[in-house]
Number of protein chains: 2
Amino acid sequence: MRVLVVEDERRMAAALQRGLQAEGFAVDLAHDGEEGLHAARQGDYDVVVLDIMLPRLSGYNVCKQLRAEENWVPILMLSAKDGEYDMADGLDLGADDYLTKPFSYVVLVARLRALLRRDAGRRPAVLMAGDLTLDPARRKVERDGRSVELTPREFALLEYLMRRRDEVVSKSEILEHVWDTFDTDPNVVEVYVGYLRRKIDAPFGRNALQTVRGAGYRLAGDGG
Amino acid sequence: MRVLVVEDERRMAAALQRGLQAEGFAVDLAHDGEEGLHAARQGDYDVVVLDIMLPRLSGYNVCKQLRAEENWVPILMLSAKDGEYDMADGLDLGADDYLTKPFSYVVLVARLRALLRRDAGRRPAVLMAGDLTLDPARRKVERDGRSVELTPREFALLEYLMRRRDEVVSKSEILEHVWDTFDTDPNVVEVYVGYLRRKIDAPFGRNALQTVRGAGYRLAGDGG
DNA sequence: CAGTCTTCTCAGCGTCGTCTCAGCGTCTTC
DNA sequence: GAAGACGCTGAGACGACGCTGAGAAGACTG
């Protein structure tokens, strides 16, 4: 297992390197943001440990940049600050986990192993179907690079359909997962499918949200 | 997105429910370990939030039990204690993430979304008979790589025949399984077999759907 | 407290799917 | 070879299904 540690404090970096090597990891070091970004792009690491406070380029920006480049290597962020918004920001930027200093090796190693177990990374943060993308963390939907505004219910419906893309999903399944009821008039689903189509299909001349008469709806994986 | 929250402290549970519902999740509550285990087995939740300290059956054991039953629903564990060993133990038992109280909604929601990001990755097998394929989940039928459009009844009939391919299936069996009745005029089966043949056999010059006079029908495993 | 946004219900309408029926061909039996 | 059983098919009636616009009720905002 190859780990990249991006950390500017020499003593901290060296300690991490020693500790992780003792656990059987192969460890590379980078000492500022740009170096870290470069290394992460090159080497295929199984996981990256990324400090937030870095010279030249902050950990935030390294993470953001990597994700923008469709690089889904698992990232564990480290922060000196204990503010919760740091964490939330970090996770929203596409980090997979977050740890505040001071932390113990036991915890760090447990988290690293958990990240590695999760399926060796490469699980895109965003859901995609052709040129249609949905980012659950940021609550953003884009088509053709253009942002699309959705209400909460519309978003939840689209998210559910995209998670099961290419599958035919019945109205009762949709009611159960998106509305949390099962004895509601299924017409509400039809209405919301209509709303979605007017926002994500019609303006683009596409047909991603397909009706399968008598069975339900299917979100075409190729975007229709 | 359906969430099961297993938490015994009433006020905490109610607060979580309100908070998560505000984020658009559908929330069910369980108030002790056994109830939680039961609920997790029944309902198909997208993620489970599991307190460790629970009456009757600890969160540890609920998690352990579920994993032993090959139930891989994503689990986020909550603990009042801040001990590092709790976390390592929890992750080793098969939990997917871990949070210590007190925590903020922002963090909890971010973690939940991170968990949901991973693919649920389930895929029931496609049924095959020669070059004829039927995918129950996607509700797609293909022959020779060309897609074939079927109505719900036609689809159900073909699916039933393909599940029993090479067997001779009587009309009364078909009525019972596809129409869910047994005192209907069997002619309707003949009519629908005719419809199917026009869609999956005739255009391809094949003969997969064979009549066994006096006995029923057989779907040839080699596609006819 | 007015204005906006969101959710949901309802009724109308066009379309599609289902099923019945009657006629006809074919196979089996005597 | 005649008669009846069996299976296939086209036509058409009927109902179910899905879509939509209008609008009411509630939540949120300034």
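Note on naming: letters A, B, ... go to the chains in the order of the sequence lines (proteins, then strands), and numbering restarts at 1 for each one. This one's a predicted model, so the numbers in the text were calculated from it and none came from an experiment.
Taking a cutoff of 4.0 Å between a charged side-chain nitrogen and a carboxylate oxygen, Arg143(A) and Asp201(A) qualify as a salt bridge. Taking the charged nitrogens against the carboxylate oxygens, Arg138(B) and Glu167(A) have no contact shorter than 4.0 Å, which rules out a salt bridge.
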Please assess Asp185(A) against Val188(A) for the test side chain to side chain contact (heavy atoms under 4.5 Å, CB included), listing each intermediate value before the final yes or no. CA-CA 6 Å; Asp185(A) 185 350; Val188(A) 73; 5.9 Å; no
Using the side chain to side chain contact (heavy atoms under 4.5 Å, CB included) rule, take Leu157(B) and Val193(B) through it: C-alpha gap first, then chi angles, then the decisive distance, then the call. CA-CA 8 Å; Leu157(B) 173 58; Val193(B) 166; 4.3 Å; yes
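Every residue two or more places apart in sequence or in another chain that forms a side-chain hydrogen bond (donor to acceptor under 3.5 Å, both in side chains) with Gln210(B) is listed here: Arg218(B). Applying the side-chain hydrogen bond (donor to acceptor under 3.5 Å, both in side chains) test to Asp28(B) and every residue at least two apart in sequence or in another chain returns Arg2(B), Tyr45(B). By the salt bridge (Lys or Arg N to Asp or Glu O under 4.0 Å) test, Lys199(A) is found to be paired with Glu154(A), residues two or more places apart in sequence or in another chain being considered. For Glu142(B), the side chain to side chain contact (heavy atoms under 4.5 Å, CB included) criterion is met by Thr133(B), not counting sequence neighbours. The ring pair (Phe, Tyr, Trp, His ring centres under 6.0 Å) search around Tyr192(A) returns Trp179(A), Tyr195(A), not counting sequence neighbours. For Glu35(B), the side chain to side chain contact (heavy atoms under 4.5 Å, CB included) partners two or more places apart in sequence, or in a different chain, are Ala30(B), His31(B), Asp32(B). Contacts of Glu149(B) classified as side-chain hydrogen bond (donor to acceptor under 3.5 Å, both in side chains), with partners at least two apart in sequence or in another chain: none.
Taking every heavy atom of both residues into account, Lys171(A) and Val189(A) meet most closely at CG-CG1, 3.8 Å. Between Ala220(A) and Gly224(A), the closest heavy-atom pair is CB-N, 3.6 Å. What you find for Asn71(B) and Arg41(B) is that their closest heavy atoms are ND2-CA, 4.4 Å.
Taken residue by residue, residues 151-161 of chain B places heavy atoms nearer than 4.0 Å to DNA chain C at Thr151(B), Pro152(B), Arg153(B). For the segment residues 207-221 of chain B, the set of residues with a heavy atom within less than 4.0 Å of an atom of DNA chain C comprises Arg213(B), in numerical order.
Atom CG of Leu196(A) and atom P of dC19(D) are 12 Å apart (whole Å). The interatomic distance linking Asp201(A) (CG) with dT20(D) (C1') rounds to 16 Å, in whole Å.
Remark on the helix from dC1(C)-dG30(D) to dC30(C)-dG1(D): inter-end axis angle 30°, axes from five-pair C1' superpositions, rounded to 10°.
Contact between the side-chain N/O atoms of Arg197(A) and the OP1/OP2 oxygens of dT20(D) is not found at any separation under 4.0 Å. The side chain of Lys171(A) contributes an N or O atom lying less than 4.0 Å from OP1 or OP2 of dG18(D).
Close approach of DNA chain C to chain A, defined as any atom under 4.0 Å from a non-hydrogen atom of the protein, starts and stops at dT6(C) to dG17(C).
Between the CG atom of Asp135(B) and the CG atom of Asp166(A) there is a distance of 9.0 Å, given to the nearest 0.5 Å.
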Atom pairs under 3.5 Å: protein N/O with N/O of nucleotides 21-26 of chain D:
{"from": "dG21(D)", "atom 1": "OP2", "to": "Arg198(A)", "atom 2": "NH2", "distance (Å)": "3.4"}

